[in-house]
Chemist: 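Next up is a structure, given as structure tokens.
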Amino acid sequence: MSKKHNFGAGPCILPQEVFEEASKAVVNFNGLSILEISHRSPEFVAVMDEARELVKELLEVPEGYTVLFLQGGASLGFLISAMNMAGATKKAGYVNTGAWSTKAIKEGKNAGLTVSEIASSEDKNFNYIPKGYGTDGFDFVHITSNNTIFGTQMKSFPASNSPLVCDMSSDIFSRKVNVADFDIIYAGAQKNLGPAGTTLYIVKESILGQSSLETIPTYLNLETHHKKDSMFNTPPVFSVYTSMLNLRHLKKNGGVAAMEEKNQAKADLLYNEIDSNPLFEGTAAKEDRSNMNVTFTLTDDSLADAWNAEWNKAGIVGLKGHRSVGGYRASMYNALELDSVKVLVNLMRDFANNNK
Ligand code: PMP
């Protein structure tokens, strides 16, 4: 069966080469399966070390930051980041740009902090990125770089007067970022990094052990993991291994700068079609459109069945929009090739020609 064009929002496509190499290691990794080796074996310690080093190299992580691969998904990251960043004021500012930010806000409150929503785009169903808000006087300000559901992305980050924490789950490694601007970056693996199961944290070491909370459960304390070189307990071995393979693949293929160019080309192609095709329209404000998740609708709902049949027939999967936006969402993570986007764009063009 030929490989389908996976536009799914996550878990998502990874490079075929990575799938193949990972599958080989399930059968044989130094005479054992990667699924049965001890996480304390020198072979796996080398995997963890290489994964952490590759993150540092590919994102040009400056001195004074630690890289950790933990469990719990970005959903636990909402709580972990808040608990570890709690400082003298116990006040946190959150920019609410969608469903995931809203969940982060809830966990900020669960951490016992006084949470202010310093900006929100909820008034327009989160179809834009708010700008020009105050960032003074907080232990930290939390932002979401890319809004997976609503198809918006911060093209630049706020010049914050308080330390910045960023959920980069759905666009990490897709473009260059200045890590030094952040105290914590966290990201669930299952978009541009690897299979679900691990969550990446990039943490300024000077915040470790500084939380003003009376207690932080051991696992939720980032210092615990830093002290143990990200091996406090059994890590999600397969997820970390496959992430490492994917990072190697990214390095071999020009790194983040090359990926940014590829992602821009894919986004330009699809957005140009959406803007010129009378049967489709984008849902996100143009200046805030995401290069990872492209949200759009049909201009004539009565064509939905016909359109759905077309893309299904073409081997496209995962195009259905999230229920809170409706319509369609083309997720174009790093591993999705330009050719897959061309298939979609040609289909949209043909569909318009056939429905004049
Ligand atoms: N933040 C963002 C931006 C996401 O897209 C997601 C999941 N798609 C999450 C957080 C939650 O991640 P997890 O499922 O790893 O908890």
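Whatever order the structure lists them in is the order used to number ligands and atoms, beginning at 1. Residues: numbered from 1 along the sequence shown. Just so you know, these numbers come straight off a predicted model, no measurement behind them.
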Chemist: Under 4.0 Å from ligand 1, counting heavy atoms only, is it the side chain of F78, its backbone, both or neither?
Modeler: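 Side chain only.
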Chemist: Does any N or O atom in A74 lie less than 3.5 angstrom from one in ligand 1, N or O only?
Modeler: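 Yes: some nitrogen or oxygen of A74 is under 3.5 Å from one in ligand 1.
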Chemist: Where does K191 meet ligand 1, judged by heavy-atom distances below 4.0 Å: at the side chain, the backbone, both, or neither?
Modeler: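 The part of K191 near ligand 1 is the side chain, not the backbone.
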Chemist: Name the residue from Y65, Y201, F157, F140 that meets the ring-ring contact (aromatic ring centres under 6.0 Å, His included) definition with F182.
Modeler: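 Answer to the ring-ring contact (aromatic ring centres under 6.0 Å, His included) test with F182 among Y65, Y201, F157, F140: F157.
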Chemist: Do any nitrogen or oxygen atoms of S170 lie less than 3.5 angstrom from nitrogen or oxygen atoms of ligand 1?
Modeler: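 So ligand 1 has no N or O lying under 3.5 Å from an N or O of S170.
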Chemist: May I ask you to decide if the ring planes of H142 and Y186 are parallel, tilted or perpendicular, using 30° and 60° as cut-offs?
Modeler: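 If you compare the ring of H142 with that of Y186, the planes turn out tilted.
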Chemist: Output yes when the distance from some N or O of ligand 1 to some N or O of Q190 is under 3.5 Å, and no in every other case.
Modeler: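 Looking only at distances, the answer is yes, because the N/O contact criterion of under 3.5 Å is met.
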Chemist: Relative to the ring of F280, is the ring of F296 parallel (under 30°), tilted (30 to 60°) or perpendicular (over 60°)?
Modeler: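 Rings of F296 and F280: perpendicular, over 60°.
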Chemist: What is the nearest protein non-hydrogen atom to atom 11 (C) of ligand 1, stated with its residue, atom name and distance?
Modeler: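 Result: W100 CZ3, 3.5 Å.
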Chemist: Does ligand 1 have a heavy atom under 4.0 Å from the side chain of N146, from its backbone, from both, or from neither?
Modeler: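 For N146, the contact with ligand 1 is made by the backbone alone.
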Chemist: Closer than 4.0 angstrom: is that true for some heavy atom of I149 and an atom of ligand 1?
Modeler: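 No, that is not the case, since the closest heavy atom of the residue is not under 4.0 Å from the ligand.
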Chemist: Looking at G73, which atoms of ligand 1 are within less than 4.0 Å of one of its heavy atoms?
Modeler: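 Numbered from 1, ligand 1 contributes 15 (O), 16 (O).
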Chemist: Does a side-chain heavy-atom distance below 4.5 Å link S75 with K103?
Modeler: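 Side-chain contact under 4.5 Å: no.
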Chemist: Ring centres under 6.0 Å, that's the criterion: do F29 and Y241 meet it?
Modeler: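 Yes, close enough.
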Chemist: For S75, which part has a heavy atom under 4.0 Å from ligand 1: side chain, backbone, both, or neither?
Modeler: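 It is both backbone and side chain that touch ligand 1.
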Chemist: What atoms of ligand 1 come closer than 4.0 angstrom to any heavy atom of D167?
Modeler: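 Selected atoms, number and element: 1 (N), 2 (C), 3 (C), 10 (C).
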Chemist: If you have a sec, work out which protein heavy atom is nearest atom 3 (C) of ligand 1 and how many Å separate them, to one decimal?
Modeler: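 Checking every protein heavy atom, the shortest distance to atom 3 (C) of ligand 1 gives T148 OG1, 3.4 Å.
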Chemist: Pick out which of T144, N147, T283 makes a side chain to side chain contact (heavy atoms under 4.5 Å, CB included) with T152.
Modeler: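 Per the side chain to side chain contact (heavy atoms under 4.5 Å, CB included) rule, the option paired with T152 is N147, out of T144, N147, T283.
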Chemist: Does L222 reach the side chain of I184, with side-chain heavy atoms less than 4.5 Å apart?
Modeler: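 The answer is yes, as the side chains (C-beta and beyond) meet within the 4.5 Å cut-off.
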Chemist: Please confirm whether the ring centroid of F232 lies under 6.0 Å from the ring centroid of H225.
Modeler: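 That pair passes the under 6.0 Å test.
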